[in-house]
Amino acid sequence: MIKELIQRTLHNMGVEVDYVEVEIPKVQSQGDVATPVALGLAGVLRKPPRVIAQDVVSAIKEMTDSGLSAFDAIEVAGPGFINFRFKSDYLYEQLKRLYREREVCLRVDVGQGKRVLVEFVSANPTGPLHVGHGRGAALGSSLSNLLQSAGYTVEKEFYINDAGRQVRLLGQSVFAAYKNLLKNPTPFPEDGYRGEYVERIAEDIHATHGETCVDMDFEGCAQFFIDHSYKKMLQDIEASLETFGVHFDNWQSERILFDSGMVKHGIDNLREKGYIYEMDGATWFKSSALGDEKDRVIVKQDGQYTYFASDVAYHIMKIERGYDELINIWGADHHGYIPRVRAVLRAEGLQESRLTVLLVQMVTLLRDGKPVQMSKRAGEFITLKDVVEEIGADTTKFIFMTRRSDSHLEFDLEAAKKQSSDNPVFYVQYAYARINSVFRKAKETGVVLSRLHDDSLDLSCLNTEEELQIIKKLILYPLIFQGAVRSREPHRITFYLQELSAMFHPFYNKHRILTPDDNLTGARLLMCECISIVLKEGLRILGLTAPEWM
RNA sequence: GCCUCCUUAGCUCAGUAGGAUAGAGCACAGGAUUCCUAAUCCUGGGGCCAGAGGUUCGAAUCCUCUAGGGGGCACCA
């Protein structure tokens, strides 16, 4: 609201800005919200910032429709900040509005129906998910929730690498395990997958299909082993994600891209645009002309497509499906691929901003401070499922969501387990449960809850420092929300929820909510209801449960 | 060698689009419940924002260099 106000004011003064920074000052003496716009404009207008600030303040005061009634004070401070102080009546009004029109208040429409495709996890179906995938899953699903809440139309997609060497290697590994099981050993493939799950799949095949393949070589039954194995893994992956509370709208198969001719179509498409050439018997994509450091092979000398070929096709297909924005969440180890994928989009004439790649940094799994060695090939690792079973889905997600995605994460299992009794997630959930408990108590003791909807309910009794601070925090949620949406950082919501909870608990300890005074009780219940509305909304975005009892 | 991410309190991490006096949790020490859930609250100490330059009215934040750590640099996927 303040942003628009300032923007309009500046407009009237003949200055156009596309972004007005509004911040919440650290100390109360600096107002409830503040803006440093005047400082930024000092250079442009060639006037001292304090003078500009004063001009802005005067202009606001002259505007008839400025919503001046919302403020007790608008003042120039420090080097040229403009500090706003809310009138308490305005706070009460907004609190009532939040209570009545929660969705409108909380879900600011930033996206306006824009279609976004969020692709995440996309793990090779050659082994179980590990914690790193879990991090991507937590980010992807909460980001999707966040954007959806902000008015975007979001689709969540998992790209299945079911073509190519890796799934073949898995099939071959299972085949070897199967033969081994039947006492007809065959050499285990070099670089094969050695996990225990490989043996389980082999046992499963033995159980369902008997010994039919025991005398065959791999080529004789390759397709069967490959398909059976990766499908099994895919089921396992889907189940792990389900346990973790993450699900997808689409599962896009790489193989279908080949079978449906999309790969060929994609290459032809680039060829028409002049970005394909032949050299040394291979087919190249001229990505160096589009920002990549060198050209990339798409079809090898031996006629085989490279991995990148299907990636080209996949992204062209995404474009053709008509999304306004593509978001790819990748492990940081894929960062080298960004320029070549961007090159594809550029070749298609798409703006840079249409693709956002979010990199999720590595998770170092520790136990008692010591790194847990993990190798998919060697088959020694702790899976996402193991972690969720050991310390719980909410706690695990919260650990992910209290970090920026591009910072390295040390995940100590022992610490997490120890923490799981006093993990900050419970602090937030407990606040929610407590409020529910108060409402249960209120009903038991016959408090008339219909009062809360009553216009005559007077909130001016919410005048303690704690209450005013909480109300301000609540009505500034949209500011945090919009920042999180813009920067694609759901973790900002996590921190906000912790802060809000850290205001509620002291309030709860200091003041009684259910009092002999009916109006005061009503007012406090209304405020608590608003807190729980915001907590619930935030927890939902983060994919965490909001328990009514704890 | 080249590219990229990271380095903030004892530990794990925030720090919003360059803004005012750098924050939280954990850990540590002490205290609080006749009353709505003690998974709570209150009080306390803790910092060369890796280092050095630069840009600016103003830098943890932007640029350059240095040091340390992660990851990536295939006609592998």
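Source: prediction; values computed, not measured. Per chain, numbering begins at 1; letters A, B, ... match sequence-line order.
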Euclidean distance, atom OH of residue A:Y307 to atom P of B:C73 [Å, nearest integer]:
12 Å
When rounded to the nearest Å, what value does the distance between C1' atoms of B:U66 and B:U12 take?
28 Å
Distance test, side-chain N/O of A:H491 to OP1/OP2 of B:G15, below 4.0 Å
yes
Atom CG of A:L474 and atom CE of A:M527: how far apart are they, to the nearest 0.5 Å?
7.5 Å
What nucleic acid atoms does A:P36 come within less than 4.0 Å of, heavy atoms only: base, sugar-phosphate, or nothing?
base
For A:D412, answer base if it contacts any base atom (sugar-phosphate contacts may also be present), sugar-phosphate if it contacts only those atoms, and nothing otherwise; contact means non-hydrogen atoms under 4.0 Å.
nothing
Nearest whole Å is fine: how far is B:G69 C1' from A:Q361 CD?
12 Å
Using OP1 and OP2 only, check whether a side-chain N or O of A:K26 sits under 4.0 Å from B:A20.
yes
Phosphate contact (B:G19 OP1 or OP2) by A:T35 side-chain N/O below 4.0 Å:
no
A:R168 side-chain N/O to A:I226 backbone N/O, donor-acceptor pair under 3.5 Å:
no
A:R403 has a side chain; which of B:C75, B:A14, B:A20 sits nearest to it?
B:A14
May I have the distance from A:N423 (atom CG) to B:C13 (atom P), rounded to whole angstrom?
14 Å
Give the ring-plane orientation class for A:Y305 versus A:F258, where under 30° counts as parallel, over 60° as perpendicular and anything between as tilted.
tilted
For B:U37, does either OP1 or OP2 sit under 4.0 Å from a side-chain N or O belonging to A:R440?
no
Okay, side chain of A:T521, backbone of A:T515: is any donor-acceptor separation there less than 3.5 Å?
yes
Can you tell me how far C1' in B:C13 sits from the matching atom in B:C6, rounded to whole Å?
13 Å
Remember a base hit wins even if backbone is also touched, and classify A:A484 as base, sugar-phosphate or nothing at under 4.0 Å, heavy atoms.
nothing
Can you label the angle between the A:H511 ring and the A:F507 ring as parallel, tilted or perpendicular, going by 30° and 60°?
tilted
Expressed in whole Å, how much space separates the P atoms belonging to B:C65 and B:C5?
13 Å
So what does A:A431 hit on the nucleic acid, given a heavy-atom distance under 4.0 Å: a base, only sugar-phosphate, or nothing?
nothing
If you only use heavy atoms from C-beta on, which nucleotide in B:G70, B:G19, B:C36 is closest to the side chain of A:K441?
B:C36
Answer yes or no: does a side-chain N or O of A:K300 lie under 4.0 Å from OP1 or OP2 of B:C76?
yes
Return the value, rounded to whole Å, for the distance between atom CD of A:E278 and atom C1' of B:C75.
13 Å
For a quick check of understanding: with a heavy-atom distance under 4.0 Å over all strands, which category does A:E548 fall into, base, sugar-phosphate or nothing?
base
With rounding to the nearest 0.5 Å, note down the distance linking CD1 in A:I541 to CD1 in A:I493.
5.0 Å
What is the nucleic acid contact for A:G80, judged by heavy atoms within less than 4.0 Å: base, sugar-phosphate only, or nothing?
nothing
Does A:R404 place a side-chain N or O at less than 4.0 Å from the phosphate oxygens OP1/OP2 of B:G15?
yes
Rounded to the nearest angstrom, tell me the gap between atom CE in A:M503 and atom P in B:U40.
18 Å
Whole Å only: how far is the CD atom of A:E293 from the P atom of B:A74?
8 Å
Ignoring hydrogens and angles, are the base of B:G71 and the side chain of A:H335 linked by a donor-acceptor pair under 3.5 Å?
yes
What's the gap between B:A60 and B:A52 when it is taken at their C1' atoms, as a whole Å value?
16 Å
Report the nucleotide, chosen from B:A20, B:C5, B:G72, that has the shortest atom-to-atom distance to any side-chain atom of A:D333.
B:G72
Looking across every strand, which nucleic acid part, if any, lies under 4.0 Å from A:R492 by heavy atom: base, sugar-phosphate, or nothing?
sugar-phosphate
Please report the distance separating the P of B:U56 from the corresponding atom of B:G47, rounded so that it comes out in whole Å.
33 Å
What nucleic acid atoms does A:A309 come within less than 4.0 Å of, heavy atoms only: base, sugar-phosphate, or nothing?
nothing
Please state whether the phosphate of B:U37, meaning OP1 or OP2, lies under 4.0 angstrom from any side-chain nitrogen or oxygen of A:Y432.
no
Hey, where does RNA chain B pair up into stems, meaning at least three consecutive Watson-Crick or G-U pairs with distances under 3.5 Å?
B:1-7 with B:67-73, B:10-13 with B:23-26, B:28-32 with B:40-44, B:50-54 with B:62-66
Do A:F158 and A:F120 have ring centres separated by under 6.0 Å?
no
Students often mix this up, so state it plainly: with edges at 30° and 60°, are the rings of A:F411 and A:F400 parallel, tilted or perpendicular?
tilted
Would you mind classifying the nucleic acid contact of A:F495 as base, sugar-phosphate or nothing, using non-hydrogen atoms under 4.0 angstrom?
sugar-phosphate
Presence of A:R434 side-chain N/O under 4.0 Å of B:A38 phosphate oxygens OP1/OP2
yes
Touch check for A:S437, heavy atoms < 4.0 angstrom, all strands: base, sugar-phosphate only, or nothing?
base
Look at all strands and tell whether A:Q301 reaches a base, only sugar-phosphate, or nothing, counting heavy atoms closer than 4.0 Å.
base
How would you label the contact of A:K443 with the nucleic acid (heavy atoms, under 4.0 Å): base, sugar-phosphate, or nothing?
nothing
Using a 4.0 Å heavy-atom cut-off, does A:E21 contact any base of the nucleic acid, only the sugar-phosphate backbone, or nothing at all?
sugar-phosphate
Does one side chain, of A:S501 or A:Q498, offer a donor that lies under 3.5 Å from an acceptor on the other?
no
Applying a 4.0 Å non-hydrogen cut-off, can you work out what A:Y508 is touching in the nucleic acid: base, sugar-phosphate, or nothing?
base
Please measure how far the P atom in B:C62 lies from the corresponding atom in B:A20, and state the result in whole Å.
15 Å
Is there a donor-acceptor pair under 3.5 Å between the side chain of A:D280 and the backbone N or O of A:A282?
no
As a test of reading the structure: which of B:A74, B:C5, B:C41 is closest to the side chain of A:H408, going by heavy atoms?
B:C5
Report yes or no: is the ring centroid of A:F81 under 5.5 Å from the six-membered base ring centroid of B:A20, with the two planes under 30 degrees?
yes
Which class fits the ring pair A:W284 and A:Y277: parallel under 30°, tilted 30 to 60°, perpendicular over 60°?
parallel
What's the OH-C1' distance between A:Y305 and B:A74, to the nearest Å?
20 Å
When rounded to the nearest Å, what value does the distance between C1' atoms of B:C28 and B:C11 take?
12 Å
In whole Å, I'd like the distance from the CG atom of A:L409 to the P atom of B:U7.
14 Å
Euclidean distance for C1', B:C57 against B:A50 (whole angstrom)
28 Å
